[in-house]
Amino acid sequence: MALSKEQIAQRIAQELQDKWYVNLGIGIPTLVANYIPKGIDVEFQSENGLLGMGPFPIEGAEDADLINAGKQTVTILDGGSLFDSAMSFAMIRGQHVQLTVLGAMEVAQNGDIANWKIPGRMVKGMGGAMDLVASAENIIVAMMHTNKKGESKLLKECSLPLTGVGCVKKVVTNLAVLEIKNGSFHLLERAPGVSVEEIKAATEGTLIVEGEIPEMQF
Amino acid sequence: MALSKEQIAQRIAQELQDKWYVNLGIGIPTLVANYIPKGIDVEFQSENGLLGMGPFPIEGAEDADLINAGKQTVTILDGGSLFDSAMSFAMIRGQHVQLTVLGAMEVAQNGDIANWKIPGRMVKGMGGAMDLVASAENIIVAMMHTNKKGESKLLKECSLPLTGVGCVKKVVTNLAVLEIKNGSFHLLERAPGVSVEEIKAATEGTLIVEGEIPEMQF
Amino acid sequence: MINKVVKNAEEALKGVENGMTFMLGGFGLCGIPENCISELVNLGVTDLTCISNNAGVDDFGLGLLLQKRQIKKMISSYVGENDEFERQMLSGELEVDLIPQGTLAERCRATGAGIPAFYTPAGYGTEVAEGKETREFNGKMYVLEHAFDAQFAFVKAWKGDTAGNLIFKGTARNFNPMMAMAGKTTVVEVEELVEAGELDPNQIHIPGIFVQRIFQGTAYEKRIEQRTVTPKS
Amino acid sequence: MINKVVKNAEEALKGVENGMTFMLGGFGLCGIPENCISELVNLGVTDLTCISNNAGVDDFGLGLLLQKRQIKKMISSYVGENDEFERQMLSGELEVDLIPQGTLAERCRATGAGIPAFYTPAGYGTEVAEGKETREFNGKMYVLEHAFDAQFAFVKAWKGDTAGNLIFKGTARNFNPMMAMAGKTTVVEVEELVEAGELDPNQIHIPGIFVQRIFQGTAYEKRIEQRTVTPKS
């Protein structure tokens, strides 16, 4: 069965490593914070100026002056810090953040990503995404394998305006975990009960399948 | 009579304007702080990270963690602030400091200044001087008119490695106040009792003397 | 001590004219200069270019200026919470320059810091880099980005003193400090205005040298866009 | 919370080797990493390139490393308080790269901030600009300056917590914050090490993300170079 959004987040959380600083984008990526593996310490960076981001505040304790990049009220954990946007992107551009998890509208087999604009229809802006994808050493894209029309979002080439070029190395969708290398998607894991054939059918880009593909473990 | 160092500082202090932030270099410039005209508010910036610099501390109250750019123990006044060197030079390069007063080994009639190096003999470094002279809108050089050998320090061309090009607009020496414009020194004021002839003799660069030259007033 | 205090928003905005370029602090509705924005609505100045990370929501923040068609051009990184904005943009009534958030922050800082241009990796290979100089450093490609030029910066701080020293609170800091550094005239509204000497000089986020006018703001609404909470157990 | 604490200077300097490039905080003798410098003397590492605004005095600060000929090259803005330094430089034993103080500070920040290069007016038309690209922006000339590359940054802070968050004191801040941002491995010694959560997150000068190792320093001498006082009246 295809994964729920929570399960996508849960699978991505398995990629977290001890002592990593992590930036989570809006949507599915935000949910990753709920599934930090036991025994590892990570800190979440929010690009609007917050390190050590904690859970949502207890009802009634919301502070209009303490939000995350998705404009949600949040808390700050012991050891956290607050800073301005220039400092925040100094962390990001300077590669002090070890992992970026973000959503996408399209990912191409060369690692290109598009997630900020549909010409003539939707122009929300790139926010911090272009800085993040141009800088991060590890980028994981969290998204549905296909769009609402059932069309593949893993493409030979992006059709939408790019957010970054050749930067995505891993994609976790509701169907699969894929690595991008040598200009192709490499299938690493299947969602439980989802066949390789189903994943092939949902992937427009070149999909490399080598050997037995294991199911994801939770 | 030629001015003392204190009198040079006192004359320069007359150039201060209300609401100016001012950076004072090491030596004679530092003394300017002792002669702020009544009725005007100025604040002194020290490029090592201090705004609102006050007088030397009362004996026994010295703090090793509070010094000026000359490494002297100082104090901070109400309304002052502390910051890092990048912020300090953001103020300077960004032209938020209205006046820089500094010493020089040589000044040329085109506004060039040399004050950081005598090749093969003295190489102390430029410190913040190159940033200051490249950025400040108002630069006043405070120095003796001649060097210890009696040679003019106001030259047609600097012979020493430059600190900045075409940046000095005013020079106050022990003999005179001079403005630099159109590639010449223009004599504005004489030290009390010093003749135009004496100033001419001590000035190697082109000296323009127009009309009656008043004596400095203290 | 150089005193920067003005009476109120009206006095603080003297010199504001049609066609000017402004910077406005804030991220979403967090840390926006509410009093200054209200006064801009009152003044009715038009043909404005506004540099601000976001464009407010339909009925608050910069949305108020958009409603009245006072803005000719927005320079932002993310504008996704404002229907009227989207309408004006897609219909071509409003010019929009969308730039990466980190580039926006760094360009503001550069403006205040006397850095005319710098290289950043953000946007390389995308339409953001079109027409811009690109260059390789250590095997990676970068885009040349320039400082801004803004007549006024409107900034919201938590505490400020009469000398213009500022302290921000929480994530309401965001773009406010760099914009404070960058305005030709920087106007700051604060929740609490204190005497010079009351703030610890070691804990000041933005020194008063960058600030031309400061005033005590009033009636802060501090609206929350996404009220997310953990239920009381 | 990611814990950055190491036991002492010995542990903090693990991995330091001959021929490396270091950044060292401080302005004059104010805010220098005394414990790290002592440990560098103990280790006896040589052929070092040191990026530091000054070079200490003959018998303190970086002067201790100069005495033992551990430094091959100094990158500084002002070195005028050290006779041994001047002797080694004029005799050619020591390489010296003198650069404007603001450029030094900004290059450190750029290093930590992922900015490979930027333009500054400092040094235009002087020997500092020789061999460098220059360019005009808005009628004024600027010089292109690049980020550094330093294996270790040695930083002195006043207070720090176990997560690596730092607060500096007075003008001992100086170059320490930007160097903390810039080291591949940033080592911080503090006068007072506290638990995470004890420092106000709103008042932290450098967030722990930039710090790899932090330790409680000991036996601070904090020597004053120019003791200037106002006599008690």
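In the text below, chain A, chain B and the rest are named by the order of the sequence lines, each starting its count at 1.
- The two residues C:P207 and B:F83 make their nearest non-hydrogen contact at CG-CD2, 3.7 Å.
- Counting heavy-atom neighbours within 6.0 Å of B:E157 CD, excluding the residue itself, gives a total of 12 or less.
- Separating the CG atom in B:D41 from the CG atom in C:N3 is a distance of 8.0 Å, to the nearest 0.5 Å.
- A donor-acceptor pair is defined here as one N or O able to donate and one able to accept, closer than 3.5 Å; such a pair exists between the side chain of B:H96 and the backbone of C:G112.
- For the pair C:F210/B:M87, a side-chain contact is recorded, criterion being any heavy-atom separation below 4.5 Å from C-beta on.
- The contact between C:D161 and chain B is made entirely by side chain atoms (from C-beta outward), counting heavy-atom distances below 4.5 Å.
- Residues C:N165 and B:G79 come closest through the heavy atom pair ND2-O, 2.9 Å.
- Of the listed residues (C:R109, C:M1, C:Q203), the one with the most heavy-atom contacts under 4.5 Å to chain B is C:M1.
- At least one side-chain heavy atom of C:I2 sits less than 4.5 Å from a side-chain heavy atom of B:Y21.
- Contact between B:G80 and C:P201 at its shortest, heavy atoms only, is O-CB, 3.5 Å.
- No part of B:L77 comes within reach of chain C, as not one of its non-hydrogen atoms sits under 4.5 angstrom from that chain.
- For CD of C:E10, the number of neighbouring non-hydrogen atoms (other residues, nucleotides, ligands) closer than 6.0 Å is 12 at most.
- Counting heavy-atom pairs closer than 4.5 Å to chain C, the top-ranked of the candidates B:A90, B:G49, B:G52 is B:A90.
- By number of non-hydrogen pairs under 4.5 angstrom with chain B, the leading residue of C:A113, C:G197, C:G114 is C:A113.
- If you measure heavy-atom distances from B:E43 to chain C, the contacts under 4.5 Å come from both the backbone and the side chain.
- No donor-acceptor distance shorter than 3.5 angstrom exists from the side chain of B:K19 to the backbone of C:K4, with no hydrogens or angles considered.
- For B:D18, the CG atom counts as densely surrounded, since its 6.0 Å shell holds more than 12 non-hydrogen atoms of other residues, nucleotides or ligands.
- The environment of C:K140 atom NZ is dense: over 12 non-hydrogen atoms of other residues, nucleotides or ligands sit within 6.0 angstrom.
- In this structure, B:L51 CG and C:I209 CD1 are separated by 5.0 Å, a value rounded to the nearest 0.5 Å.
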